[in-house]
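Following: one structure in structure tokens, then a few remarks.
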Amino acid sequence: MPRIRTAGVIATTSALALALSGCSVLTAFEPHVDSAIWDTAKEMKASNTALFGSPTFVPDDATVIRVDYDTQNGSAIMTYTSHTRVAPNTCQKDTAIPKPAIEDSWWPVQGIPDKASDCGGGWVAFAVGDQVWAAKAPTSK
């Protein structure tokens with residue numbers, strides 16, 4: 001009989017410890033990637049874009065703007081449609097296409113150009129036709 005009591009005490013203690021520490025356990029596994037979608041650049045610019053690095057390169061004619069951003073390390077990915085592609089006097093220096101720290105089904109895996117443009121603030125963007133994709137590297141660990 002002592003083995004059954006010991007097993008019962010261990011099971012009860014384990015369940016109690018898990019219940020008391022549940023909040024911290026859940027916090028450790030809580031996702032820290034948020035997303036947002038706007039119909040127009042005007043809507044996006046009126047929102048709190050500081051959460052993901054205030055992408056000043058998004059032109060006024062941009063539509064269907066999607067962004068995923070990491071609330072812990074500052075990385076982000078974005079896509080939008082625009083005939084202008086990027087705002088004037090932004091994204092003027094060529095750079096390598098980044099491998100984003102965040103993944104989503106809308107990020108392209110094929111047909112990506114050889115070069116992207118450095119758009120400032122850690123953002124790098126490239127376009128295929130009128131569709132623009134941009135990625136922002138992590139700013140902290």
Side-chain angles (χ1 to χ4, degrees), residues 2-141:
R3 285 187 182 173
I4 293 174
R5 284 187 200 155
T6 303
V9 169
I10 290 172
T12 302
T13 304
S14 297
L16 181 61
L18 184 59
L20 292 175
S21 67
C23 291
S24 61
V25 170
L26 290 177
T27 301
F29 295 104
E30 183 177 290
H32 46 86
V33 175
D34 286 337
S35 62
I37 300 174
W38 298 275
D39 289 330
T40 66
K42 182 178 180 180
E43 290 174 3
M44 184 201 80
K45 291 174 182 181
S47 66
N48 186 8
T49 60
L51 293 171
F52 53 89
S54 300
T56 57
F57 59 90
V58 177
D60 292 339
D61 71 337
T63 58
V64 191
I65 304 157
R66 299 178 67 151
V67 65
D68 291 350
Y69 58 97
D70 190 310
T71 59
Q72 291 183 349
N73 71 15
S75 63
I77 56 174
M78 172 185 284
T79 188
Y80 59 87
T81 303
S82 167
H83 295 299
T84 308
R85 297 194 182 134
V86 295
N89 301 315
T90 63
C91 306
Q92 296 180 343
K93 184 176 150 188
D94 284 348
T95 190
I97 298 219
K99 169 139 178 50
I102 298 173
E103 295 181 10
D104 203 330
S105 60
W106 49 261
W107 188 263
V109 293
Q110 295 178 348
I112 299 172
D114 294 333
K115 294 282 183 184
S117 297
D118 182 337
C119 298
W123 285 98
V124 173
F126 62 93
V128 176
D130 288 342
Q131 191 67 33
V132 178
W133 289 274
K136 184 174 177 285
T139 54
S140 64
K141 292 182 181 181

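All residue numbers refer to positions in the sequence shown, counting from 1. Just so we're clear, the structure is a prediction, and the values are computed from it rather than from any experiment.
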Stepwise side chain to side chain donor-acceptor pair (under 3.5 Å) check, Thr81 with Asp130
CA-CA 6 Å; Thr81 303; Asp130 288 342; over 6 Å; no
Mind checking the [atom1]-[atom2] spacing from [X] to [Y]? Nearest 0.5 Å is all I need.
X: Asn89; Y: Phe57; atom1: CG; atom2: CZ; result: 15.0 Å
X: Lys45; Y: Thr40; atom1: NZ; atom2: OG1; result: 9.5 Å
X: Ile65; Y: Met44; atom1: CD1; atom2: CE; result: 5.0 Å
X: Asp60; Y: Lys42; atom1: CG; atom2: NZ; result: 10.5 Å
X: Ile97; Y: Lys115; atom1: CD1; atom2: NZ; result: 9.5 Å
X: Ser117; Y: Gln92; atom1: OG; atom2: CD; result: 9.0 Å

Heavy-atom closest contact ([X] atom, [Y] atom, distance):
X: Arg85; Y: Ala127; answer: CD-CB, 3.6 Å
X: Ala134; Y: Trp123; answer: CB-CE3, 3.7 Å
X: Val128; Y: Pro113; answer: CG2-CD, 4.0 Å

Should we say atom CD of Glu103 is surrounded by more than 12 heavy atoms from elsewhere, each under 6.0 Å from it?
no
State which residue, out of [options], fulfils the side-chain contact (heavy atoms from CB on, under 4.5 Å) condition with [X].
X: Val124; options: Pro100, Cys119, Pro98; answer: Pro98
X: Asp34; options: Val67, Leu51, Asp68, Thr71; answer: Thr71
X: Ile77; options: Trp133, Trp106, Phe52; answer: Trp106

Verdict with reasoning, Val64 to Tyr80, per side-chain contact (heavy atoms from CB on, under 4.5 Å):
CA-CA 6 Å; Val64 191; Tyr80 59 87; over 6 Å; no
Using ring pair (Phe, Tyr, Trp, His ring centres under 6.0 Å), reason through Phe126 and Trp107 one step at a time and then give a plain yes or no.
CA-CA 12 Å; Phe126 62 93; Trp107 188 263; 5.8 Å; yes
Polar side-chain atom of Lys136 near backbone of Gly74 as donor-acceptor pair, under 3.5 Å:
yes
Would you confirm whether Ser82, through its side chain, and Thr84, through its main-chain N or O, come within 3.5 Å as a donor-acceptor pair?
yes
Close side-chain approach of Ser35 to Arg66, heavy-atom, < 4.5 Å
no
Hey, does Trp38 have a side-chain heavy atom less than 4.5 Å from the side chain of Ser47?
yes
